[in-house]
Amino acid sequence: MSRVPLNPVQIQAVEHHYGPILVLAGAGSGKTRVITERITRLLGRGIPPGALVALTFTNKAAGEMRERVASSLHAQGAGAKARSLTISTFHAFGLSVLQRERAALGGVFTIFDQGDQIGAVKEILRSVTRGKTWDASAILARISNAKNAFLEPGALPDKDEYDEIAKIVYPKYQRALRQFCAYDFDDLVCEVARLWQSRPDILQRWQDRFHFLLVDEYQDTNRAQLVLLRLLAERHKNVCVVGDDDQSIYAWRGADVRNILEFEEHFPGATVVKLEQNYRSTAPILAVANAVIAKRADAKYKKTLFTSIKGGESVDLVVASSPEQEARFVARELRRLVREEGKKLDSLAVLYRSNGQAKQLEESLREYGVVYRMFGGQQFFERKEVKDLLGYMKIALNPSDEISLRRIMNYPARGIGDTSVERLALHALARGWSLWQAVERVDALDDIPSAAREGCKALERIVNDTRGSIFGTKQRGSEVARGLAERIGLRNDIDVSSPSKDSAARRWGNVESIVQAFARRELREGGKTGTVPQGNEGLASYLHALTLSYSDDADEGPGGAVTLSTLHGAKGLEFDVVFLVGCEEGLLPHTRTLETRATDAAPQDIEEERRLFYVGVTRARQKLILSRARARVSRGKPSLRTPSRFLADIPSELVVERQVQDEALSRGDMVAHANQLLAALDALE
């Protein structure tokens with residue numbers, strides 16, 4: 001099957017030979033093909049493969065580029081050239097330089113991993129502080145940011161006390177690295193640049209070797225990488241960078257959009273080529289993307305994406321009364337797309353600004369039986385405290401559930417160790433009992449230690465009390481979950497076992513979310529507890545849906561799984577249908593950017609949020625659904641939500657607005673819902 005010919009602008013980028021060139025590659029414009037074709041073209045013109053270096057950011061991206069170039073060269077009968085090419089990440093390239101120049105650096109060295117780095121920072125903190133506990137990871141993050149920005153210790157900012165302590169730790173940390181003859185991950189770029197700055201003779205050797213440089217995803221480069229690149233390209237000036245300033249979304253990890261915006265200043269005489277033809281999305285999707293990105297306040301290179309793809313569905317803007325309704329709409333629509341339109345699950349995606357938004361989505365997808373996989377975060381229902389609490393409820397409903405029983409038997413710790421569990425299991429096997437029956441009849445067993453015996457009795461009391469709540473007083477699921485958390489002392493255990501107060505608060509928030517999940521279910525069923533056994537059969541079914549593991553299904557089932565991902569995690573991916581949820585002020589743009597202090601670069605923060613929105617929109621190939629909620633519970637109080645400012649940038653004729661109302665919820669139900677959630681939260685305090 002023949003490939004689509006390069007368009008005229010792509011040809012211009014591929015054919016460019018000497019001198020710097022900036023290829024501004026809009027979303028879906030075929031940038032990877034341009035890079036590989038350019039490498040192949042340079043080699044075809046007689047440039048030795050050893051004189052070329054191509055740099056990118058991930059091993060996966062480097063591997064894909066290497067494979068594509070090798071395939072292209074093989075088709076031309078020049079496959080041997082691929083083996084001499086240098087195609088790698090910035091850090092792998094830096095490591096190869098340091099290894100080659102180790103004599104100038106003092107000999108053999110080692111690389112510190114994150115554990116080594118944290119250990120070094122903690123040791124330094126013990127020597128310079130007294131009576132105060134510091135988060136070593138937070139300090140290390142500030143040191144890393146400084147290295148990425150190519151800043152010396154004295155140039156660190158002074159915004160808070162962590163900045164101040166990082167200023168003290170940074171130089172000591174660097175001395176500690178050198179004493180151990182070690183470099184950390186950031187040093188693999190920074191120290192190469194410093195070596196080249198201090199040793200022109202060494203720099204010249206590398207300049208003599210590499211005459212042509214190519215960089216992919218240039219908008220993601222940091223300041224240290226820019227310094228390295230300018231030094232290496234200084235002599236021959238044959239540097240080609242490919243990127244999209246409209247998709248610069250990683251400032252939080254050091255990427256500096258100014259690198260691409262100021263390319264012509266860093267490399268005078270540069271040619272600038274814009275790739276604006278999109279080969280991914282339909283015209284209605286691109287119209288929305290163009291409308292949003294056209295409002296960029298910091299844009300230098302204006303691009304307008306266009307496509308030759310005919311037709312295309314309109315973009316929907318769905319307005320729900322609550323995040324629960326938003327999530328249920330998404331789940332229902334995903335199921336409809338699969339059942340009625342024949343879409344494959346792995347062609348569908350739900351994108352959101354932050355991982356906290358995923359909890360509600362996961363709950364609804366599980367309830368509706370939609371298989372999903374999550375990028376960039378742990379699934380909510382796989383978190384320990386969530387599985388523990390639900391495990392207790394499953395045992396209360398079905399004591400024969402041995403998997404759940406083994407999970408919670410000694411949690412929190414009650415003296416039933418692994419050896420005692422196995423003894424109980426052997427007794428059960430020998431007598432034809434279930435494991436739970438062995439727990440109930442522990443006094444009849446001889447070789448169970450007294451601590452484990454007492455632990456079994458304590459566990460039996462907890463489970464029986466919970467069963468009484470369900471089958472006796474017929475409490476609602478939310479009340480049962482709340483009572484369980486109190487009976488087992490879950491909050492205290494979380495506080496004791498968590499590494500920090502913030503971590504404990506997040507984990508306890510997950511427990512609160514479980515109570516809210518049951519409260520939402522009860523509201524949808526009219527607030528009724530139901531009659532035994534019917535009501536509790538419904539509770540058991542709901543528990544089963546929440547705790548069902550989809551990992552095997554996602555790997556082996558036809559059509560794969562729906563993708564749940566943050567917008568940052570979705571960069572580089574594409575799907576037939578994309579749901580972009582939570583299009584509200586405070587979520588997108590995120591509240592952190594809205595609350596930025598006046599002394600910070602707030603306008604730039606907002607523009608990065610705009611670019612993030614644009615990235616989400618341009619992941620869609622055939623259909624885009626934007627959604628928002630009218631109200632959410634925020635900081636314990638129901639509050640009305642303002643539509644994202646980015647929605648206001650989209651002309652009304654480009655979207656079809658839809659109001660969704662969950663069939664089980666009226667306006668009165670919404671008020672009751674908010675009050676019920678507040679009561680649940682109050683009870684958990």
Side-chain angles (χ1 to χ4, degrees), residues 318 320-340 343 345 348-350 352 356-374 377-383 386-387 389-391 393-394 397-398 401 404 470 476-481 510-530 534-554 557 559 561-564 579 581-582 625 627 629 632-633 660-665 669-670 673 676-677 680:
V318 173
S321 297
S322 69
E324 293 77 28
Q325 289 185 7
E326 180 185 44
R328 288 172 67 79
F329 160 76
V330 170
R332 287 196 303 270
E333 187 66 9
L334 286 168
R335 190 171 65 175
R336 186 193 68 79
L337 287 167
V338 173
R339 292 182 176 181
E340 298 180 17
K343 295 288 188 184
L345 288 168
L348 312 173
V350 185
Y352 37 84
Q357 294 171 254
K359 295 178 185 178
Q360 187 64 58
L361 291 163
E362 288 190 73
E363 178 189 332
S364 293
L365 293 179
R366 285 172 178 259
E367 189 174 356
Y368 277 82
V370 179
V371 180
Y372 67 90
R373 59 182 175 179
M374 180 175 287
Q378 183 184 22
Q379 290 190 14
F380 175 72
F381 290 96
E382 293 301 314
R383 293 171 183 171
V386 173
K387 295 183 75 170
L389 184 59
L390 293 180
M393 294 193 70
K394 289 167 71 176
L397 284 166
N398 177 20
D401 183 349
S404 295
I470 297 173
R476 296 174 174 143
S478 57
E479 296 169 330
V480 174
N510 294 333
V511 175
E512 293 173 343
S513 294
I514 289 298
V515 175
Q516 294 172 30
F518 284 109
R520 285 189 289 270
R521 169 185 174 267
E522 292 149 12
L523 181 62
R524 290 195 299 273
E525 294 182 351
K528 299 176 182 178
T529 56
Q534 291 178 329
N536 294 302
E537 287 177 354
L539 179 59
S541 297
Y542 186 61
L543 274 171
H544 179 72
L546 291 184
T547 56
L548 181 65
S549 173
Y550 287 143
S551 58
D552 292 339
D553 299 315
V562 171
T563 295
L564 297 188
F579 294 79
V581 302
I625 301 100
S627 69
R632 291 181 187 265
V633 174
V660 295
Q661 178 72 34
D662 198 276
E663 62 274 6
L665 299 179
D669 289 331
M670 284 300 299
H673 187 195
Q676 193 173 18
L677 292 183

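In this chain, numbering begins with 1 at the start of the sequence shown.
Across Val581 and Gln357, no two heavy atoms sit closer than the pair O-NE2, 3.8 Å. Of all heavy-atom pairs between Glu326 and Gly582, the closest is OE2-N, 3.1 Å. Closest of all the heavy-atom pairs between Phe518 and Ser478 is CB-N, 3.4 Å. The minimum heavy-atom distance linking Ala331 with Val370 is given by the pair O-CG2, 3.9 Å. Heavy atoms only, all atoms of each residue included: Leu564 and Glu362 are closest at CD1-CG, 4.0 Å. Pro323 approaches Ala629 most closely through the heavy-atom pair N-CB, 3.7 Å.
The distance from atom CZ of Arg336 to atom CZ of Arg339, rounded to the nearest 0.5 Å, is 12.0 Å. Interatomic distance, Leu361 CG to Phe579 CZ, rounded to the nearest 0.5 Å: 10.5 Å. Here the CG-CE distance, from Asn398 to Met393, works out to 13.5 Å after rounding to the nearest 0.5 Å.
Among Arg328, Arg335, Arg332, the one residue that satisfies the salt bridge (charged side-chain N to carboxylate O under 4.0 Å, His left out) test with Glu367 is Arg328.
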Item checked: Steps toward side chain to side chain contact (heavy atoms under 4.5 Å, CB included) verdict (Ile625, Phe329) -> CA-CA 11 Å; Ile625 301 100; Phe329 160 76; 4.1 Å; yes
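Proximity of Thr563 to Arg373: side-chain heavy atoms (C-beta onward) are separated by under 4.5 Å at one or more points.
Judged as a side-chain hydrogen bond (donor to acceptor under 3.5 Å, both in side chains), and not counting sequence neighbours, Ser364 has no contacts. Residues passing the side-chain hydrogen bond (donor to acceptor under 3.5 Å, both in side chains) test with Lys359 are Asn510, Ser513, sequence neighbours excluded.
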